[in-house]
Trainee: 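One structure, as structure tokens, below. Some questions next.
Just so you know, these numbers use all the heavy atoms, side chains as well, and skip hydrogens, waters and symmetry mates. Residues: numbered from 1 along the sequence shown.
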Amino acid sequence: VKPGNIMIAKSGDPVLLDFGLARRDDPEFESMTKVGEICGTPAYMSPEQLSRQMITIDARSDVWSLGVALYECLVMRRPFEAPTREGLYLAILNRDPEPPRRLNRRVPADLDVVVMTALEKNRDRRYHTALDFAEELRRVRMQEPIVARPVGPFGRIVRWAAREPAKAALAAVLILTLPS
């Protein structure tokens, strides 16, 4: 899912087009894609699609790409950019995107939280389905309380430490050895 595949019908409803890479999860159907081959538009691919781990891709990956598309609509740039494909992969896998509200002050705080939840690196913390994501966006639109909560400073530190264990260990040693 990417912005170029989302069209608006005369009725005003969005329509998803271009299923060039759509596939069935039925072993009866052969795939033209080689096992382990990455296909798709990298800027809209979820971390689990880019990782070399054998993870079953599910609806949470679509939530990620919808989150990227929404982010792009809100701030007029993608959440992850790099001059090379490999750099882009590394950014998606290792960097947190700048919250949309920091780049566009008109983005409501709750919408910022919803977008950042859709862009969670850990897919278990992401919305599980596009319907869950849509329901949360409805809550924002109707100014109802959202389910997602922003990640606090401690949570950000824990996530950074998980992504950068060597740097985190060094920081911990430096903090513990500082004179009181």
Trainee: How long is the span from the OG atom in S51 to the CD1 atom in I57, to the nearest 0.5 Å?
Mentor: 7.0 Å
Trainee: State the CD-CD1 distance between E81 and I92, to the nearest 0.5 angstrom.
Mentor: 10.5 Å
Trainee: Any idea which heavy atoms bring C73 and M76 closest together, and the distance?
Mentor: O-SD, 3.8 Å
Trainee: Does a side-chain heavy-atom distance below 4.5 Å link R60 with D124?
Mentor: yes
Trainee: Give the minimum heavy-atom separation between V63 and R126, together with the two atoms involved.
Mentor: CG1-CG, 4.1 Å
Trainee: Minimum heavy-atom separation for A43 and L88, please, with both atom names.
Mentor: N-CD2, 3.7 Å
Trainee: Quick check for you: to the nearest 0.5 Å, what is the distance between E98 atom CD and R77 atom CZ?
Mentor: 6.5 Å
Trainee: How about P42 and F80: do any of their side-chain heavy atoms sit closer than 4.5 Å?
Mentor: no
Trainee: Would you compute the distance between atom CG of L93 and atom NZ of K121 and round it to the nearest 0.5 angstrom?
Mentor: 7.0 Å
Trainee: Looking at W64 and E120, would you say the former's side chain and the latter's main chain have a donor-acceptor pair under 3.5 Å?
Mentor: no
Trainee: Are the side chain of T177 and the backbone of L174 linked by a donor-acceptor contact shorter than 3.5 Å?
Mentor: yes
Trainee: How long is the span from the CD atom in E164 to the CG atom in N94, to the nearest 0.5 Å?
Mentor: 6.5 Å
Trainee: Is the shortest side-chain heavy-atom distance between I55 and R123 below 4.5 Å?
Mentor: yes
Trainee: Search all heavy atoms of M116 against all heavy atoms of P100 and return the closest pair with its distance.
Mentor: SD-CD, 3.7 Å
Trainee: Mind checking salt bridge (Lys or Arg N to Asp or Glu O under 4.0 Å) for R101 and listing every partner two or more places apart, or none if nothing turns up?
Mentor: none
Trainee: In Å and rounded to the nearest 0.5 Å, what is the OG to CG distance from S65 to L70?
Mentor: 12.0 Å
Trainee: Tell me the closest heavy-atom pair linking P14 and I8, and the distance in Å.
Mentor: CA-CD1, 4.0 Å
Trainee: Hey, are the side chains of V113 and V140 touching, using non-hydrogen atoms and a 4.5 Å cut-off?
Mentor: no
Trainee: Closest approach of G87 and A82, non-hydrogen atoms and distance?
Mentor: C-CB, 3.3 Å
Trainee: Would you say Q49 and Y89 make side-chain contact, with heavy atoms under 4.5 Å?
Mentor: no
Trainee: Donor-acceptor pairs under 3.5 angstrom involving side-chain atoms of residues 128-137: please list them, not counting sequence neighbours.
Mentor:
from, atom 1, to, atom 2, distance (Å)
T129, OG1, L131, N, 3.4
T129, OG1, D132, N, 3.0
T129, OG1, D132, OD1, 3.4
T129, OG1, D132, OD2, 3.3
D132, OD2, T129, N, 3.4
E135, OE1, R138, NE, 3.1
E135, OE2, R138, NE, 3.1
E135, OE2, R138, NH2, 2.7
E136, OE1, R139, NH1, 2.7
E136, OE1, V147, N, 2.9
E136, OE2, Y127, OH, 3.1
E136, OE2, V147, N, 3.0
E136, OE2, A148, N, 2.7

